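Both backbone and side-chain heavy atoms feed into the values below; hydrogens, waters and symmetry mates do not. Here the structure is a predicted model, which means the values were calculated and not measured. FYI, the numbering just counts along the sequence from 1.
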Amino acid sequence: MKAIEISQPGGPDVLNWVDRPMPEPAAGQLLLRVIAAGVNRPDVMQRKGMYPAPPGASDIPGLEVSGEIVGGDVSASAYAMGDKVCALLSGGGYAQYCVVDAEHCLPIPAGMDPVHAAGIPETAFTVWSNIFNRGALAKGESLLVHGGASGIGTMAIQLAVARGHQVFATAGSDERVAIINALGATGINYKTQIFEDVVREATGGRGVDVILDMVAGDYINRDIRCLADDGRIVVIALQGAPKGEVNFAQMMLRRLTLTGSTLRARDKAFKAALAAQVRENVWPLLESGAVQVKLHAIFDMADAAQAHAMMDAGEQVGKIILRA
């Protein structure tokens, strides 16, 4: 089969379209003919040599795909040969074929094409796990999303709005703020506005209950300033810096929680349980159209370097997809 290989750590030009052996499904796994794969920030970090594949995972990048089941032990799964699914992977998605644990597959939402469906798993699993599980966003509570125009951000906004929450989101241009507003959130241009001032003013000084932070670094203390008492900050990326000062006195006095997570290295059982939660809570919203997959660009998989160059430039609003 053909696949994208990282020849060495570096820029987009290290991504090469090469011949690789066909993957072989193990017990409990399915073989998929890949239709499309989502491009995610962890793929970029892996390309740069900063986020290696976990033990046992393919070194081929790609954490989410849509595809057709063409092999594996379907008798032990809920699927049949020829079914089209989308799936969460630990690696291997930038290829013509991949293997995946059957429990990490979900049916393509009714009415959705496979190319859009390829942009769901990593995004929806990450959002549900971190906002609604780890962040425990509850009825009547509010949310702030940093990176609101990203694939994660657009999914987070839509899910929270569809579930009745007040949502704020930051972005780096007025054009992106307009897109965030159209999704039902209050957009904040972090280059021209002080997001903590906007949030506190809009909430009457109370602040928000949960913050999904993809920046970290010096954003953490700024997050604390616009967090309500008993609020939670969930860090899922380090686009600002991996270190920063934290005002622990504020955390103690106001009973604040600072937490974070990554998804790729979590065990199979965790991902299987999360898949079931996503299907129960997110799939109905996708099938009704209340939540949509926002696509920014589609590239042929052989042109993955162009897709990564676009992500490096920060040009995208929503998802970038590779079509096999």
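Minimum heavy-atom separation, Tyr94 to Met301: C-SD, 3.3 Å. When all heavy atoms are compared, the tightest approach of Ala241 to Ala216 is O-CB, 3.4 Å. Across all their heavy atoms, Ile4 and Trp17 have their closest contact at CD1-CE3, 3.6 Å. Val34 approaches Cys98 most closely through the heavy-atom pair CG2-SG, 3.8 Å. When all heavy atoms are compared, the tightest approach of Val99 to Glu24 is CG1-C, 3.8 Å. Considering all non-hydrogen atoms of both residues, Cys226 and Ile211 come closest at SG-CD1, 4.1 Å.
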Exercise. Check step by step if side chain to side chain contact (heavy atoms under 4.5 Å, CB included) holds for Lys2 and Asp19.
Key: CA-CA 5 Å; Lys2 289 286 189 178; Asp19 292 315; 3.3 Å; yes

Practice problem: Tell me, with the steps shown, if Asp59 and Ile6 meet side chain to side chain contact (heavy atoms under 4.5 Å, CB included). | Solution: CA-CA 8 Å; Asp59 66 317; Ile6 302 172; over 6 Å; no

Quiz item: Can Ile236 and Leu263 be said to form a side chain to side chain contact (heavy atoms under 4.5 Å, CB included), step by step?
Solution: CA-CA 9 Å; Ile236 61 167; Leu263 179 59; over 6 Å; no

Quiz item: Passes side chain to side chain contact (heavy atoms under 4.5 Å, CB included), Val167 versus Leu183? Steps please.
Solution: CA-CA 10 Å; Val167 182; Leu183 294 177; over 6 Å; no

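Under the 4.5 Å side-chain criterion, counting only non-hydrogen atoms from C-beta, Glu64 is not in contact with Ile120. Contact check for Arg222 versus Arg225: side-chain heavy atoms found under the 4.5 Å cut-off. At least one side-chain heavy atom of His308 sits under 4.5 Å from a side-chain heavy atom of Val39. Counting heavy atoms from C-beta outward, Val234 and Ile131 have side chains that stay 4.5 Å or more apart. Using a 4.5 Å heavy-atom threshold, the side chains of Arg264 and Leu63 count as touching. The shortest side-chain heavy-atom distance between Ile152 and Val127 falls under the 4.5 Å cut-off. For the pair Pro107 and Arg279, the minimum side-chain heavy-atom distance is below 4.5 Å. A 4.5 Å side-chain heavy-atom check between Ile224 and Val246 finds at least one atom pair inside the cut-off.
Relative orientation of the His146 and Phe195 rings is perpendicular, given thresholds of 30° and 60° on the angle between their planes.
Gln158 places a side-chain N or O within donor-acceptor distance of the main-chain N or O of Gln292, the cut-off being under 3.5 Å. Of the possible donor and acceptor atoms, one in the side chain of Arg176 sits under 3.5 Å from a partner among the backbone N and O of Gln316. Panel note: side chain Asn247, backbone Gln250; a donor-acceptor pair is recorded below 3.5 Å. Remark: side-chain polar atoms of Thr126 are not paired, donor with acceptor, to backbone N or O of Thr123 under 3.5 angstrom. Remark: side-chain polar atoms of Arg232 are paired, donor with acceptor, to backbone N or O of Gly135 under 3.5 angstrom. A donor-acceptor contact shorter than 3.5 Å is absent between the side chain of Asn221 and the backbone of Asp218. Listed for the Asp101 side chain is no donor-acceptor partner under 3.5 Å among the backbone atoms of Glu103. At least one donor-acceptor pair closer than 3.5 Å links the side chain of Asp267 to the backbone N or O of Phe270. Under the 3.5 Å distance criterion, the side-chain polar atoms of Ser7 are matched with a main-chain donor or acceptor of Val14. For the pair His165 (side chain) and Glu141 (backbone), a donor-acceptor distance under 3.5 Å is present.
For the atom pair NZ (Lys84) and CD1 (Ile35), the distance works out to 5.5 Å, reported to the nearest 0.5 Å. Here CG of Asp213 is found 9.5 Å from CD of Gln239. Values are rounded to the nearest 0.5 Å. Note that OG1 of Thr186 is 6.0 Å distant from CD of Gln166, once rounded to the nearest 0.5 Å. Here the CG atom belonging to Leu159 is positioned 9.0 Å from the CG atom belonging to Asn281, to the nearest 0.5 angstrom. For the atom pair OG (Ser129) and CD (Gln277), the distance works out to 8.0 Å, reported to the nearest 0.5 Å. The CG atom of Leu31 sits 12.5 Å away from atom CG of Asp73, with the distance rounded to the nearest 0.5 Å.
Within 6.0 Å of atom CZ in Phe248, 12 or fewer heavy atoms from other residues, nucleotides or ligands are found, so the atom counts as exposed in its surroundings. Within a 6.0 Å sphere centred on CD of Glu196, heavy atoms belonging to other residues, nucleotides or ligands number more than 12. Heavy-atom contacts from other residues, nucleotides or ligands closer than 6.0 Å to CE of Met50 number 12 or fewer.
By the criterion of side-chain heavy atoms lying less than 4.5 angstrom apart, applied directly or through intervening Ile, Leu, Val, Met, Phe, Trp or Tyr residues, Val208 is grouped together with Tyr219 in one hydrophobic cluster. Under the 4.5 Å side-chain heavy-atom criterion for grouping Ile, Leu, Val, Met, Phe, Trp and Tyr, Met45 is not connected to Leu88 through any hydrophobic cluster. Residues Trp283 and Val85 fall into different hydrophobic clusters, defined by Ile, Leu, Val, Met, Phe, Trp and Tyr side chains chained together at heavy-atom separations under 4.5 Å. Met251 and Val199 fall within a single hydrophobic cluster, where Ile, Leu, Val, Met, Phe, Trp and Tyr side chains are chained together by heavy-atom contacts under 4.5 Å. Under the 4.5 Å side-chain heavy-atom criterion for ILVMFWY residues, no single connected hydrophobic cluster contains both Leu137 and Leu256.
Side-chain contact, Asp174 with Asn189: a donor N or O sits under 3.5 Å from an acceptor N or O.
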